[in-house]
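Computation of the quantities below employed the complete heavy-atom set of this structure, encompassing side-chain atoms and omitting hydrogens, waters and symmetry-equivalent molecules. A, B, ... follow the sequence lines: proteins, then strands. Residue 1 opens every chain.
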2 protein chains.
Amino acid sequence: MSRDRVVDVATRLVEEHGPDALTMRRLSQELGVAVTAIYWHVGNRDALLDAVVDRLVADMGTLRPSGSSARERVTSLAEKLRARLQARPHLIGLAHERGRIPDMFLPVEQAMAAELARVGVSGKDAALALRAISAHVVGAVLLERAAGRGGPEIPTGLVWPADASDPELVEALATPPDRDALFALGLNALVGALVPLEDAERAVP
Amino acid sequence: MSRDRVVDVATRLVEEHGPDALTMRRLSQELGVAVTAIYWHVGNRDALLDAVVDRLVADMGTLRPSGSSARERVTSLAEKLRARLQARPHLIGLAHERGRIPDMFLPVEQAMAAELARVGVSGKDAALALRAISAHVVGAVLLERAAGRGGPEIPTGLVWPADASDPELVEALATPPDRDALFALGLNALVGALVPLEDAERAVP
DNA sequence: ACCTGAACACCGTTCAAGT
DNA sequence: ACCTGAACACCGTTCAAGT
């Protein structure tokens, strides 16, 4: 037993079954210890969740961009961040509930800031661009997380009016969305609007 | 006592204090009735939450676009939807947790589809555009909801490196983001990429 | 310093019993 | 048809008591 082991097991429980599955009694069972022993190590459940999120934030580490142009590199950072978040949906949901999303994003935003600086975007403009792009990433991940759990993807009670003049649209909306395409679409729109072209790109369009 | 009154009071509790504040015992107190009486009317807590969300979905009604061009009208729909969602953050959080966001968005998406049709966007393209825009709206609202509750807006433990070459950026990131500007920025980028200009707009640019 | 067991105040839910 | 009270299995947390 140690504080670290408690946080380890707690993290695993949250990761696999969601925050609600982390009860002090279940945790004590997995640790092979009395419920009350946990309190000596971590204080209480709230502090334990804080510790879990703290570790996640620290683990986010630094993402490295790939590609040559600033647009490619910023895009790659956003995609890698999304991939990393998607791998642990319950944990990022927890981080979100506890208002720790900004902390988690710091490393990527730093990396993006460097790319923006290269193409002459700085100051308030850079801050707005960073935040718009990272907001797109979290927004997408949070939405997907709900879609992953929730019941049927297709609206249950309500139906698109049958008399619609655009049957192809109706059919497209009846199938679950292509989340990768959706994410890429929004990201490209943002990057296109916020990250200037480099000289090389402008020369050969 | 009636099923309607139970759902009324439950809705008020969730709206004001969040879903966690809706306990069967507290609800019974506000209703002036024994806890177990509630079960006769609504089944159980889960079904009660379903009923609350059902009512919200039905209440979303139809939003009317304003403006003349398709871009303006689509933009106005997204802005009005955001305003409506922001007015009841806890309830939309609940709808999100229960995977009912698509249901809630149906009316607006219908209205947007009409606007897109006017400028010749239909079928799969229209479906993708609709979903990209509404994803931006939910994403933004979900993020703001967390920001509203969570502790300090500014990252707690971590700090932007002090040696940064762009002090204006560091300062901009140290102040809470302008959420309206952030939302408008993303929305404009999306609408610009997805909704074609009308003839009139192209003539007088 | 670290762990246990009993105890308390809370949950959601069931069910027999009342009117 | 509608409501009550007792009861059950769960929570998180405190605290005196052990080693």
Side-chain angles (χ1 to χ4, degrees), chain A residues 1-56 90-91 93-100 146 149-151, chain B residues 1-56 90-91 93-100 146 149-151:
Chain A
M1 270 294 276
S2 70
R3 186 190 148 92
D4 257 15
R5 204 167 85 83
V6 176
V7 179
D8 275 350
V9 178
T11 303
R12 191 172 48 73
L13 276 177
V14 173
E15 216 163 11
E16 290 177 4
H17 306 106
D20 288 350
L22 176 63
T23 72
M24 302 306 265
R25 282 173 169 85
R26 173 160 183 187
L27 182 57
S28 76
Q29 264 188 337
E30 308 237 349
L31 287 166
V33 93
V35 204
T36 46
I38 301 171
Y39 286 81
W40 194 90
H41 290 280
V42 297
N44 57 24
R45 185 171 184 273
D46 203 59
L48 175 55
L49 288 176
D50 269 344
V52 169
V53 175
D54 278 341
R55 187 177 288 186
L56 174 73
H90 284 131
L91 282 176
L94 186 63
H96 175 241
E97 278 170 27
R98 315 207 120 225
R100 300 293 301 280
R149 296 169 319 182
Chain B
M1 269 293 275
S2 71
R3 187 190 147 90
D4 257 15
R5 203 165 87 83
V6 175
V7 180
D8 275 350
V9 178
T11 302
R12 190 171 49 74
L13 276 176
V14 173
E15 215 162 13
E16 290 177 5
H17 307 104
D20 287 350
L22 177 62
T23 72
M24 301 306 265
R25 282 173 169 84
R26 173 159 183 190
L27 182 57
S28 75
Q29 265 187 337
E30 308 238 350
L31 287 165
V33 94
V35 204
T36 46
I38 301 171
Y39 286 80
W40 195 91
H41 289 281
V42 297
N44 57 25
R45 186 172 184 273
D46 204 58
L48 175 56
L49 288 175
D50 269 343
V52 168
V53 175
D54 277 342
R55 186 177 287 187
L56 175 72
H90 284 133
L91 282 176
L94 187 62
H96 175 241
E97 278 171 28
R98 315 210 119 223
R100 300 293 303 278
R149 298 170 318 183

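- Rounded to the nearest 0.5 angstrom, B:Leu49 CG and B:Asp54 CG are separated by 11.0 Å.
- Running 5' to 3' along DNA chain C, contacts with non-hydrogen atoms of chain B at under 4.0 Å begin and end at C:dC11 to C:dC15.
- Ionic pairing of B:Asp20 and B:Arg26 is not present here: no N-O contact between side-chain nitrogen and carboxylate oxygen is shorter than 4.0 angstrom.
- The shortest heavy-atom contact between A:Arg12 and A:Glu30 is NH2-OE1, 2.9 Å.
- Across all strands shown, B:Thr36 has heavy atoms under 4.0 Å from base atoms, whether or not it also approaches the sugar-phosphate.
- Interatomic distance, B:Ile38 CD1 to B:Arg3 CZ, rounded to the nearest 0.5 Å: 13.0 Å.
- Counting all heavy atoms, side chain and backbone alike, A:Val42 lies closest to A:Val6 at CG1-CG1, 3.8 Å.
- At a threshold of 4.0 angstrom between heavy atoms, the contacts of A:Ala37 include nucleobase atoms, whether or not backbone atoms are also involved.
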Watson-Crick or G-U pairs under 3.5 Å in DNA chain D, rendered as dot-bracket with [ ] for crossing pairs and | for another strand: ||.|||||...|||||.||
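- Closest-nucleotide positions on DNA chain C for B:Gly43 and A:Ser2 were compared, and the one nearer the 5' end corresponds to A:Ser2.
- Taking each heavy atom of B:Leu56 and B:Ala95 in turn, the nearest pair found is CD2-CB, 4.1 Å.
- One distance of note links OG1 of B:Thr11 with CD of B:Glu16; it measures 11.0 Å at 0.5 Å rounding.
- Within 4.0 Å of B:Leu22, counting heavy atoms only, lie sugar-phosphate atoms of the nucleic acid but no base atom.
- Closest non-hydrogen pair, A:Leu22 versus A:Arg45, comes out as O-NE, 2.9 Å.
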